[in-house]
Structures are given as structure tokens and as C-alpha cells.
Amino acid sequence: MEQEFLDIVPHSNGWCFVGHGLRSPAYSSYHLALAAAKKLRSERKTGNAPVLRHLDLKGRLLPIDDRFVFAEPHFAG
């Protein structure tokens, strides 16, 4: 079975998550987008839960460790 992902990414109006072939609505903060992605992941009834990832400053998608709380990433520009 192929691993699924929910990616927290910047959006022109804040932050969103992308996964399951869909993009979420824009959230005003990284933490709100992360909370919404976690809620969607927890509602999944079958199979493995998707891995949460975030975009780092070098453009890499890195897994989010649920044991830690991350500060909202800041992008130069």
C-alpha cells in the first residue's frame, strides 16, 4: 500500500494543506492549517493515517513529528 501525505504549504491568503488530491481552504495561520489537517487525518476510518509534512525553507517536504509543537515557519520575501 502506498503511503499518503497531507502537506502544509503556504497559500496566497495564509496556509493550506494538500492531500487526497484536494487542496483545503486557506487558513490564516500555520497552526490552524495544521489543526485542520490533523482533524482530517483523525477522521480517517480505514487504512494507515496519512503522514503530515511541512515545506521547509529549502523547498523540501519534511514529516511533522506530532510530539513537538512547531513555531510558524517564516519565509523571506
Side-chain angles (χ1 to χ4, degrees):
M1 178 185 268
E2 189 173 318
Q3 182 66 55
E4 292 185 51
F5 300 97
L6 288 175
D7 300 327
I8 311 297
V9 296
H11 183 278
S12 61
N13 294 325
W15 296 87
C16 69
F17 63 88
V18 179
H20 305 294
L22 301 171
R23 180 185 308 239
S24 74
Y27 294 91
S28 59
S29 77
Y30 172 84
H31 296 291
L32 289 174
L34 178 60
K38 284 182 176 182
K39 183 175 188 277
L40 178 67
R41 183 179 68 170
S42 71
E43 292 171 351
R44 180 102 188 236
K45 301 293 184 212
T46 60
N48 293 332
V51 173
L52 296 174
R53 301 187 298 185
H54 68 99
L55 193 65
D56 77 355
L57 294 176
K58 294 183 178 180
R60 299 173 296 194
L61 287 166
L62 302 176
I64 296 173
D65 190 337
D66 286 335
R67 297 175 296 168
F68 300 102
V69 176
F70 290 94
E72 185 170 331
H74 295 282
F75 292 93

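By convention here, the first residue in the shown sequence is residue 1.
Here His31 contributes atom NE2 and Ile8 contributes atom CD1; the two are 11.0 Å apart, rounded to the nearest 0.5 Å. We find the CD1-CG distance between Ile64 and Leu34 to be 5.0 Å, quoted to the nearest 0.5 Å. The distance from atom CD of Glu4 to atom CG of Asn48, rounded to the nearest 0.5 Å, is 9.0 Å. Between the CG atom of Leu61 and the CG atom of Leu52 there is a distance of 12.0 Å, given to the nearest 0.5 Å. Annotation: the span from Lys38 atom NZ to Glu43 atom CD amounts to 14.5 Å, rounded to 0.5 Å.
Pro10 approaches Leu55 most closely through the heavy-atom pair CD-CD2, 3.7 Å. When all heavy atoms of His54 and Pro63 are compared, the closest pair comes out as CD2-O, 4.3 Å. Annotation for Pro50 and Arg41: closest pair O-CD, 2.9 Å, computed over non-hydrogen atoms. A pairwise comparison of heavy atoms in Gln3 and Ala49 identifies NE2-O, 3.5 Å as the closest pair.
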For the pair Trp15 and Tyr27, evaluate ring pair (Phe, Tyr, Trp, His ring centres under 6.0 Å) and give the outcome as yes or no after the intermediate values. CA-CA 5 Å; Trp15 296 87; Tyr27 294 91; over 10 Å; no
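Grouping the Ile, Leu, Val, Met, Phe, Trp and Tyr side chains by contacts below 4.5 angstrom, directly or via other members, places Leu40 with Leu32.
Looking at Ser24, its side chain does come within 3.5 Å of a backbone N or O of Phe17 through a donor-acceptor pair.
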